[in-house]
Protein chains: 2
Amino acid sequence: MQKQQHLSKNQKIVLDHVEKANQPLKAYSILYNVQKKGLKAPLQVYRALDKLVEIGKIHKIESRNAFVACKNSNCVVSNATAFSICEGCEKVTEINNSKLSKYLGNFEDSSGMKYSKYNLEFFGLCKKCKNK
Amino acid sequence: MQKQQHLSKNQKIVLDHVEKANQPLKAYSILYNVQKKGLKAPLQVYRALDKLVEIGKIHKIESRNAFVACKNSNCVVSNATAFSICEGCEKVTEINNSKLSKYLGNFEDSSGMKYSKYNLEFFGLCKKCKNK
DNA sequence: TACATAACGTTATATTATAACAATATACGA
DNA sequence: TCGTATATTGTTATAATATAACGTTATGTA
């Protein structure tokens, strides 16, 4: 079976909303904002998010329990993600660095285990916050 | 002021319990298990965990909302963590690889932002689970 | 058309985590 | 050793995040 190409109604609504934000959104904040579009229950949002994360349109920022649209157009599956997170203003940026992704994609630990997926979150202060 | 050297009663109880487990534990599972030692409320566990994470004795596995004792004896602060997570049996191993930590510790993104902290989680199947 | 699969809608509930307040213990300089 | 700042504790209530379980409806495709 092939990976589905188009999104369902709820998936479109959620993705649309998350893409318009320039920052990670919490699931319940998404819920409140798409209620006018007919999504009434948390599960409707979580199910859409699950699918969107699965196909790589959305990434979850694990340390923040928040969801952000993928900025990496060729990201078909969320198997290699890296983010920069400012601990001052909470701005999150997806890192798109081919050296980094090559390095981590090929990483093997001492046990010889090879990984199919990784998520990396960097923390620090962005320029603005550093100069405060 | 100097970083405190010894742990409080609750902190010791929680750390002790987490160290004895060879796997990440959930906060409420810790709670149930330390109730005989007098910790009755979630906050008592979360506060101890917060402190222990802060001083590097315990790490949080963000993708699992679980807590594991640090295996890296020289880890004074949790500013550079990497884990291997088996998606089959959920076994989690802390990765202690100096090349990796050097690479990530020196990583700078295109904006020139430098990071004070990172957390990396690798996912895959361990040998046992791969051979099933 | 028929069938499998994905998506939907709904209610209830589980799980994870923090707010707010008052009390007690501890470290440490004057 | 007194005073005081800070850390820790205890407690109740509640917020925030996420899933179970059920039945129904839509969609893709042989």
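Every chain is numbered from 1, with letters handed out A, B, ... down the list of sequences.
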note = Testing dA18(D), dG28(D), dA20(C) for proximity to the side chain of P42(A), the answer is dA18(D)

Proximal nucleotide (of dT12(D), dA17(C), dT27(D)) relative to the N65(B) side chain = dA17(C)

request  = Find out if a path of hydrophobic residues (ILVMFWY) with successive side-chain heavy-atom gaps under 4.5 Å connects L25(B) to L52(B).
outcome  = yes

query = With respect to the phosphate group of dG10(D), does any side-chain polar atom (N or O) of K40(B) fall under 4.0 Å of OP1 or OP2?
reply = no

message = Looking only at the side chain of A41(B) (C-beta and beyond, no hydrogens), which of the listed nucleotides dT12(D), dA17(C), dG10(D) gets closest?
response = dT12(D)

inquiry  = Under the criterion of centre distance below 5.5 Å and interplanar angle below 30°, is Y46(B) classified as stacked on the base of dT18(C)?
reply    = no

key: Proximal nucleotide (of dG10(D), dA17(C), dC8(C)) relative to the A27(B) side chain   = dA17(C)

query = Does some side-chain heavy atom of K91(B) sit less than 4.5 Å from a side-chain heavy atom of I85(B)?
reply = no

query = Any salt bridge between E121(B) and R64(B), counting N to O under 4.0 Å?
reply = no

ask   = Donor-acceptor pair under 3.5 Å: do we get one between Y28(A)'s side chain and the base of dA15(D)?
value = no

task = Compare side-chain N and O positions of S8(A) against OP1 and OP2 of dA26(D) and report whether any pair is under 4.0 Å apart.
result = no

task = With the side chain counted from C-beta on, respond yes when F122(B) and M113(A) share a heavy-atom pair under 4.5 Å apart, and no when they do not.
result = no

request  = Select one nucleotide: of dT26(C), dG10(D), dG9(C), the one nearest the side-chain heavy atoms of H6(B).
outcome  = dT26(C)

